[in-house]
Structure formats: structure tokens, C-alpha cells
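A quick write-up on the structure given underneath.
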Amino acid sequence: MPLTLSYEYCAPMSHLIDILHAIAERAGQSTSPLIALRAFPAGTGTRISHLPIDQALNEAWVRAIGTPFFQAQSIALAALRRSTPFAITGSGTLSRASLHLLTLDLLRNEPSATALLIVPDADQALLHEREANVLARFCQPAIPIAATSGANRRTAPTARLIITTLPELHSSLLRLHDRAWHSFWRRLRLILIADLHTYYGIAAGHLSMILLRAGRLSAQPIALGGTVAPVSGPEAALKLISGREWRVTSAADLPYPTTTLAIWQCDGNRHRETMRLAEAFLASGASVHLITNRFELGNLRAAIGDVSGMLSAGLRPLPAHTQIMTGADVGPATLQAALHSGAALVIVLLDRGLGDSALRRMAETDLATWPLLQPAAWSPVSLNPFVAALHLVCAASEKPLHDDEIRQWQLETIVERLAAQKHLYRLPGSASVWLPGEQSDPYITLDLHAAGTEPLYLLNEQKMQTGTADPSIAGRWIHLAAALPPLRGGQQIIERDDETGTIQLAGREGHRTIPLRRCQIQIRQEWAQRELKRAHSPRLSWGRVTVEETTYAYREQTGHNPVREQTLAEPITQRWQSQAVWIRLSRPLNVSGQLVGWSCAAAIALRALARLEDCVTAYDPTTQHLYLIDAQPHGNGLAEWLYEQIETILPLAYDIALYQRSDPLYEPLARTDMDWLLTILGGETEVALTMPFSPQKKATRVAEPPACAEPPARAEPPARAEPPARAE
């Protein structure tokens, strides 16, 4: 009997909600931890009678998938055949299968061609490999498919469809392009990117530059495609990433199954509550997938052990009957992906993080307008100079750079400064060809949110590496006894080694910290200025600043114990340049330790494709300027987006501050934020509720960015360059 791949993962029994209610009744709390439930009916999609693909593949689809064809596949296929980049809106099994279908059709029609599928992480790579092979097995002759992180990784260079992650693509496939991967690159015809929405901020710059590097190695034009969760503004962002117009399908074009969303309030021990919920569903025969953040993933996987594949944990949804999101900080796009994953039940846990109290109150009031259920905004994609510098040296290592390519990419200034630092040099006897210097190896470990430097390495209690983090968080969030994730906790730093760039984490439920800092801000350039569209309209500016930040102490609370202030044995100082927006407040704030503005950072993470730690807040009492600064040196795109959209953030930020004012840890921050936000909003929210290339050895100090990273003076950032002409 053939193996069938169904796009709908139906629960093995109909009482998952009954189980959830039973757990809530046994919780023993004065109020039920089950805050809200909302059912999402199934979508039928838009069927079509015929898809003009290879007949054998048509029959394979019916045998393997068991569904008709849909309009999204027709639109994407037409775009692919016109060489127009396409994005299928959706993140479930059928959207993945649609990518595989279009890829196999191209490979069958072009027998010498190869294709590349870029996925967010190794878990997704194995999932795509397994599902693509289910479809391919019904096609003869067989098309070899391999994931570079799977069991077939040794024979992967001979496969025609390669599934890999962006870090592996950077450090292996591109680095070894002229050896094991030479034949694959010469025949490359199609690049697909699954879950395009995961590439925002610095990650978007990495993807953009790697697409340019890949295009230089193929002997033929490369087509582009992918999938994307329902987000706001995908067309503009994808054009900036690739330099090309994209055809994005409607979310209603593909079907999706019925699912239910549950909001669950934890009792202060999120890890214990997560496992209690998971065990109850496992006992009923339902599979469970835990969606968490990079700081908690290692310890969560260690706690899971071996449960015969019925329980898993990762950073993104995987097929399961029940998806449990361990916190709201996984973001709105991830929640959208979970709701469309085929799960019968999706649970979001709230605890004592900054913003959780407001999210709880909003869920109780009207779950339909809940911030995490709104499409996240894709902030403007700008190419960070550190990221560009790293990939330019890599590109020159793979194939000599030509002046016409550099002009087309609009990176002449960065190349000149890389040459001054001897990272690049002109080919002797040629005035237009560039080769890499010999001082450093540009193929560093790639963390998608690190701006061209080695990442921090995360270790669990057994000192096993569990992941990476970008070093921009080191100055304020990474010190001994600090709680991670930022402003939520659950993990505690028990050891930090600046020489190796590692931090060791241990689970400590109920432990939360907030840094106390001193900041000095110097405005380097002001690019634009306008009035806020509010009752009391202060001036909003956007530009470039230099920040000197010193973290000298922290507030901490464990459980419901009194809050304490702890002084660091050695203050942590860092200095960097970046983009920022700033507001001149009408009256001074009485604030110490820079406990101001974090409600805005939390609101940004709920409205946009961003993390709380992507934004740094600072207040200058001498000028009464409140700054919201891009955390990464030379920017990640948030400040540019905030300059246009900050009015959409401020009411939510006020609600977050309002409902945190009774939290003893966040109370000073909440009351300060309420003070200045209420002045700006005019009281209307009272009824709202609505390069260095080598590892950075000393994490306590971030050096002044090198000259090569200085952007030219401008009124606004330059437009994204068009892709280079095909290299002969």
C-alpha cells in the first residue's frame, strides 16, 4: 500500500479540548489558567481542474498527496516558467509539498539541472527531505534528494535537489564550490527559500548577499521561489532582498484544516507547566511539538528524552496534533505558521514576561484583535555594512570580483575600505578584478542575526553546545546570573567565557532580571524629522547615533521574593554606531538605570518581524530625548520602520506598561513609560485595550565599527541593488 502524505494532521481523538479543560480544572488555581479559546474553521482553498505539469508527476501527486491541485500552485508554476520569483503563502504540509512539486517538475523537464532548497534549521531540512522523497518515490526515473544535515549528507553533492540551511550553505556548499560541489553549482537552475518570513533584519542581509554569491557560480540564470507565512508587506521586502519583483499568492488559495487556539496562563513555573500539558496529550495518543526560543531549546530537548517521536521541540512548527508555544516571544509569524501547520490545537503559554499581562487582558477582552493574531509587519530590509563586508570577501574567495558587479551591487565604498584594510586587493595587472586578502578567514560560523562577527555559543548545564546567539546582546543581557530570554527569564547564566565566546545556561524557573545601565548618545546625522500624528505632537527624528552603554547592575526577582538590586563586579561597556529614532519629550523624566522605553521594545516584537532584543532604549536627560536604537552595529532596519510606523506601536506599548505596573520587578519601568506615553497619546489609551571576521574574544567590549562599515551621508538609505548580470 503506497505511503500517503496528507496535508491535514487530524487528532486521533476528538477530545483534545476536553483534555485541556480537565487540566485547567485540576490546576488548583483561584482562576482558571485557560484564558481563552478560539476555533478557526477550515479553509477550502481555490481548486483548479488541471495543472500543466509532467504527466508522471501529476499521477505521483494524486498517489502521494491525495488532494486536487489548487490555485496557488498554478500561479507559482506560471511565475516560475516566466522566470518571475514566486512565494506561496502558507507554512503547512501542502505549501511545502507544492514547493517540492514545482521543483520536481523543473528537474524532470531539465534533466541536467539541479535545485537548492534553503530552510530555517536542521529540523526543517529533515522534514522537507522526508516529504519531498514521498512525492519523488512515485516518479521514475528517481530524482536524488538529500539534506546536508541528514543521513545522506556524504552523497549529497551528487543529488539533484539539495536541502540545506543558510549557515551550511555559507560554510560548506559555497566554501567548497570548486571541489565537492563544483558540478552542482554549474548546473544550478532553481533556488527555493522555505519560510521566507524568518529572514528579517540582519538575517535578510545575509540571505540577500548569499543569493548574489550563489548567482555568480551558476552557468545559467537562476529562478527563485519560496513559501511565506501570512505577514504584512512581503512583496516590498522580497524585492529588497533579491532585487526582483515577486508574485505572492493569496493565503486563501491553499486549503487549511480546522484548528483551535488556546491561551494558557502559567503558574510561575513555565517549564513544569509545559511538560504537564505535553504529558497529558501524549497519554491520550496525540503527538506534541514544543515551539520555544534558542535560549530554552537545549534544556527543553534534554528534558524530553526519547518518547518514540511523539514529542519534539524546536524553534518552529513541525507536524503534530498539538503545538505548544512556550511564550509569546516566539512572535506572530511563528503563531501564524503553527495555526496553518495542520495541528488540531495550538496553545500559547503566558507567564510573567514583559507584555504577558497585557496580552492576557486583551485575550480576555477580544481574542479576534489579539496582537499575535495580526499579520506581522516586515520592516525595511537594509544591507548592514558589516554583513556586506563579510560576504564580499567570501565572494572574492569563491570567484574574483569585478568592478561591474560591485557597481551593480552599489558597494563601491565598502570595497574601497576593505582594500584599505587589506581584506581585498586588486589582481596584479588588472585594474578591475579583486581578490581576497590573506589576513583572515571570512567563513566564520554564521548566526543569522550577527552582523558579520562570530556568534556567542550557547551551552547547556552539561556544557554541550545547543545553539548560537548574536553578540549584540552581550553588553546588557549577558552577565553572570542574568535571566534569559530577556525580560522573561526561565534560564540563568551560570558561566560566561569571553575568550571562547560561550555562555552556559541552566534552568531556573521564576528567575527574572532587568539591566541597569548608563548611556551616552551622540547624534551623528539626522536624516529626517516629522511630527507624531497624536494629540500632543512632539518631534520624531530618524538618523545615525553613536552609543556608549555601560551595564553596572541589575534588578532581579526569583518567584515572588522581594526584588533586589545587584551590582556587577565588573561593569560591561560597549560602544557602537547605529540607526535610531528619537522623540523630544515635553517634560523631563525622573528615571535611573535607563528603566525607560522597554514597553516599546516589547510592543515592536508583537507587531513586527523582530525580537525584543533587536531594539535598545536610552534616555538623555540633558536634551529630554528618548531613543529607540537598532541593537546591531549600523542597523537592522527597525529604526527606519519605526520612523514611519511608530504611531502603531505606542498604544500597545502603553497597554503593556499599564498592566505591568503592579509587577514589582517592572514597576519602575512601567510607571515611567506610562508617564511619557500618556503625555504623547493624550489619554486616548485609557480605553484602548484594543567586520572583524575573527571571533570577538572580549564580549565585554564592542569596538568602534571599522571605517569600512561607515555608510555614506544620505537623506535615506540607498535602494537595494539589482542582481548582477549572469557571470559567464
Side-chain angles (χ1 to χ4, degrees), residues 118-123 149 164-172 174-175 198-207 209-210 292-299 314-316 329 384-391 393-394 440-460 463-479 482 484-486 491 493 495-505 572 574 576 578 610-614 616 630-636 691-703 705-706 709:
I118 303 171
V119 298
D121 55 44
D123 291 338
S149 57
T164 191
T165 64
L166 209 63
E168 285 183 301
L169 180 56
H170 162 75
S171 61
S172 180
L174 284 166
R175 183 174 193 167
T198 60
Y199 302 96
Y200 58 86
I202 295 296
H206 283 299
L207 175 61
M209 289 301 298
I210 282 182
T292 189
N293 57 76
R294 63 175 65 194
F295 302 112
E296 296 180 291
L297 181 59
N299 285 333
L315 302 176
R316 294 164 189 90
D329 58 349
N384 183 285
F386 280 138
V387 172
L390 171 71
H391 289 287
V393 178
C394 290
S440 57
D441 180 4
Y443 292 96
I444 61 173
T445 301
L446 196 65
D447 180 276
L448 293 186
H449 295 284
T453 62
E454 279 279 349
L456 297 173
Y457 295 92
L458 306 177
L459 310 178
N460 62 14
K463 295 197 172 184
M464 301 289 293
Q465 185 179 328
T466 61
T468 61
D470 74 271
S472 70
I473 68 174
R476 69 199 64 88
W477 306 115
I478 305 296
H479 56 77
L484 292 173
Q491 300 291 306
I493 297 176
E495 185 176 323
R496 165 179 169 160
D497 189 331
D498 295 336
E499 292 300 319
T500 59
T502 59
I503 57 172
Q504 186 179 0
L505 300 172
I572 305 173
Q574 61 178 0
W576 80 100
S578 196
R611 309 165 302 164
L612 183 144
E613 57 264 36
D614 287 335
V616 180
D630 288 356
Q632 282 83 3
H634 282 275
N636 54 29
M691 158 163 198
F693 299 139
S694 57
Q696 181 183 305
K697 298 298 184 182
K698 293 289 187 181
T700 56
R701 179 75 181 180
V702 176

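Keep in mind the model is a prediction, meaning the values are calculated, not measured.
Salt-bridge annotation for D121 and R294: absent, with no side-chain N of the basic residue lying under 4.0 Å from a carboxylate O of the acidic one. Using a 4.0 Å cut-off between charged nitrogen and carboxylate oxygen, D497 and K463 do not count as a salt-bridge pair.
Between the CD1 atom in I503 and the CG atom in L484 there is a gap of 6.0 Å [rounded to 0.5 Å]. Considering CH2 of W477 and CG of L456, their distance stands at 14.5 Å, rounded to 0.5 Å. Rounding to the nearest 0.5 Å places CD of E613 at 9.0 Å from CD of Q632. Separating the CG atom in N636 from the CG atom in D614 is a distance of 5.0 Å, to the nearest 0.5 Å. Note that CG of D470 and CD1 of I202 are 8.0 Å apart. Values are rounded to the nearest 0.5 Å. Between the CD atom in Q504 and the OG1 atom in T466 there is a gap of 10.0 Å [rounded to 0.5 Å].
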**OP:** Tell me, with the steps shown, if N299 and Q491 meet side chain to side chain donor-acceptor pair (under 3.5 Å).
**Re:** CA-CA 9 Å; N299 285 333; Q491 300 291 306; 2.5 Å; yes
message: Go through it in stages, so that I can follow the logic: the residues are I493 and I478, the test is side chain to side chain contact (heavy atoms under 4.5 Å, CB included), and I'd like the CA-CA distance, side-chain angles, deciding distance and then a yes or no.
response: CA-CA 7 Å; I493 297 176; I478 305 296; 3.8 Å; yes
Before giving the answer on side chain to side chain contact (heavy atoms under 4.5 Å, CB included), spell out for F295 and D329 the whole-Å C-alpha distance, their side-chain angles and the decisive distance to 0.1 Å.
-> CA-CA 12 Å; F295 302 112; D329 58 349; over 6 Å; no
query: Would L297 and L458 count as a side chain to side chain contact (heavy atoms under 4.5 Å, CB included) if you check the C-alpha gap in whole Å, the side-chain angles of each, and the deciding distance to 0.1 Å?
result: CA-CA 10 Å; L297 181 59; L458 306 177; over 6 Å; no
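Under a 3.5 Å cut-off, the side chain of H206 and the backbone N or O of A450 do form a donor-acceptor pair. With T165 contributing its side chain and V119 its backbone, the two residues share no donor-acceptor pair below 3.5 Å.
Taking each heavy atom of Y199 and A204 in turn, the nearest pair found is O-CB, 3.5 Å. Nearest heavy atom pair, residue P486 against residue L612, reads CB-CD2, 4.1 Å. When all heavy atoms of Q574 and S472 are compared, the closest pair comes out as NE2-O, 4.1 Å. Contact detail for A474 and I572: the closest heavy-atom pair is O-CG2, 4.2 Å. Smallest separation of non-hydrogen atoms from D441 and I444: O-CG2, 3.8 Å.
At least one side-chain heavy atom of P455 sits under 4.5 Å from a side-chain heavy atom of T445. Within the 4.5 Å cutoff, the side chain of L448 has no heavy atoms near those of the T198 side chain. Contact annotation: the side chain of D123 never approaches that of R316 to less than 4.5 Å [non-hydrogen atoms, C-beta and beyond].
Between H170 and H391, the angle of the ring planes goes over 60°, which puts this pair in the perpendicular group of the 30/60° scheme.
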